[in-house]
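Residue numbering restarts at 1 for every chain, and letters A, B, ... go by the order of the sequence lines. Because only heavy atoms are used, hydrogens play no part in the values below, and waters and symmetry mates are left out as well, while side chains stay in.
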Amino acid sequence: MKKQKDPFQPVPSSFFDKVFEVVRQIPKGRVSSYGAIAETLGSAGSSRMVGWAMNASHLVVPPVPAHRVVNRNGMLTGKHFFGTGKEMQELLEQEGIEVKDDKVVRFKELFWHPGV
DNA sequence: TTCCTGACTCCAG
DNA sequence: CCTGGAGCCAGGA
């Protein structure tokens with residue numbers, strides 16, 4: 001018997017859904033880091049998986065605010081994946097987040113820890 | 001099944 | 001100061 005996905009089973013499709021769920025909880029005007037998210041998911045150290053999940057974030061609904069996710073330095077490592085490359089920065093600035101040199105200003109203050 | 005890749009992070013030089 | 005290598009886990013070919 002091959003394993004079959006039951007449409008009635010609300011089981012999380014994959015690791016990705018968990019990531020999306022956490023990222024969507026990031027309040028507007030705040031940012032988070034891949035490592036913090038990975039840690040919240042219980043897979044601390046798999047920060048790469050978080051970023052990888054973000055690569056597919058634009059394919060899921062509701063849309064995931066991936067622009068609020070940066071690396072532990074507050075650097076916009078994934079900005080290149082936002083179309084032209086400065087869309088991510090503009091999105092952050094629209095939320096009142098100041099970005100300079102591809103880094104979030106006052107990242108430490110704007111940092112939002114998942115799970116709170 | 002195996003092999004490769006990746007929007008990260010840490011440690012060493 | 002900056003650069004390189006290793007570890008990490010999940011998914012696609």
- Query: Can a donor-acceptor pair be found between the side chains of Q89(A) and E93(A) at a distance below 3.5 Å?
  - Reply: yes
- Message: Please tell me whether H67(A) and E95(A) have a donor and an acceptor in their side chains that are separated by less than 3.5 angstrom.
- Response: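 Note: H67(A) and E95(A) side chains meet the donor-acceptor criterion.
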Pairwise distance [atom1]([X]) to [atom2]([Y]) - rounded to 0.5 angstrom:
X	Y	atom1	atom2	answer
M88(A)	T77(A)	CE	OG1	6.5 Å
D102(A)	L76(A)	CG	CG	6.5 Å
S33(A)	W112(A)	OG	CH2	11.0 Å
E21(A)	F16(A)	CD	CZ	15.0 Å

For [X], report the nucleic acid contact type (base, sugar-phosphate, nothing); a contact means any heavy atom under 4.0 Å.
X	value
F16(A)	sugar-phosphate
T77(A)	sugar-phosphate
A44(A)	nothing
N55(A)	base
S46(A)	sugar-phosphate

d([atom1], [X]; [atom2], [N]) in whole Å:
X	N	atom1	atom2	answer
F20(A)	dA7(B)	CZ	C1'	12 Å
N71(A)	dC8(B)	CG	P	7 Å
M54(A)	dC9(C)	CE	P	20 Å
D17(A)	dG11(C)	CG	C1'	14 Å
K18(A)	dA10(C)	NZ	C1'	12 Å
K86(A)	dA7(B)	NZ	C1'	20 Å
L91(A)	dA7(B)	CG	C1'	15 Å
F15(A)	dG11(C)	CZ	P	9 Å

- Message: Within the supplied structure, the quantity of interest is the number of heavy atoms (other residues, nucleotides, ligands) at a distance under 6.0 Å from R106(A) CZ; does it exceed 12?
- Response: no
- Item | Heavy atoms from other residues, nucleotides or ligands near NE2 of H113(A) exceed 12 (cutoff 6.0 Å) |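 Result for NE2/H113(A): enclosed.
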Give every pair of a protein N or O atom and an N or O atom of nucleotides 10-13 of chain B that lie under 3.5 Å apart, one pair per line with the distance.
| from | atom 1 | to | atom 2 | distance (Å) |
| --- | --- | --- | --- | --- |
| dC10(B) | OP2 | R72(A) | NE | 2.9 |

- Query: The side chain of W52(A) lies closest to which of these nucleotides: dA7(B), dC8(B), dG11(C)?
  - Reply: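 Selected nucleotide: dG11(C).
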- Query: Does the side chain of M75(A) reach to within under 4.5 Å of the side chain of F107(A), using non-hydrogen atoms?
  - Reply: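 M75(A) vs F107(A): side chains apart.
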- Output field dot_bracket for DNA chain C (Watson-Crick or G-U, both distances under 3.5 Å, | for other-strand pairs) contains .||||||.|||||
- Message: If you take any heavy atom closer than 4.0 Å to DNA chain B, which residues from residues 23-40 of chain A end up in contact?
- Response: Y34(A), G35(A)
- Are the side chain of R68(A) and the backbone of S32(A) linked by a donor-acceptor contact shorter than 3.5 Å? no
- Message: Looking at every heavy atom in both F82(A) and E87(A), which two are closest together, and how far apart are they?
- Response: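 In this case the closest contact between F82(A) and E87(A) is O-CB, 3.3 Å.
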- Message: So if I apply the side chain to side chain contact (heavy atoms under 4.5 Å, CB included) rule between L110(A) and each of V31(A), L92(A), V105(A), which one comes out positive?
- Response: V31(A)
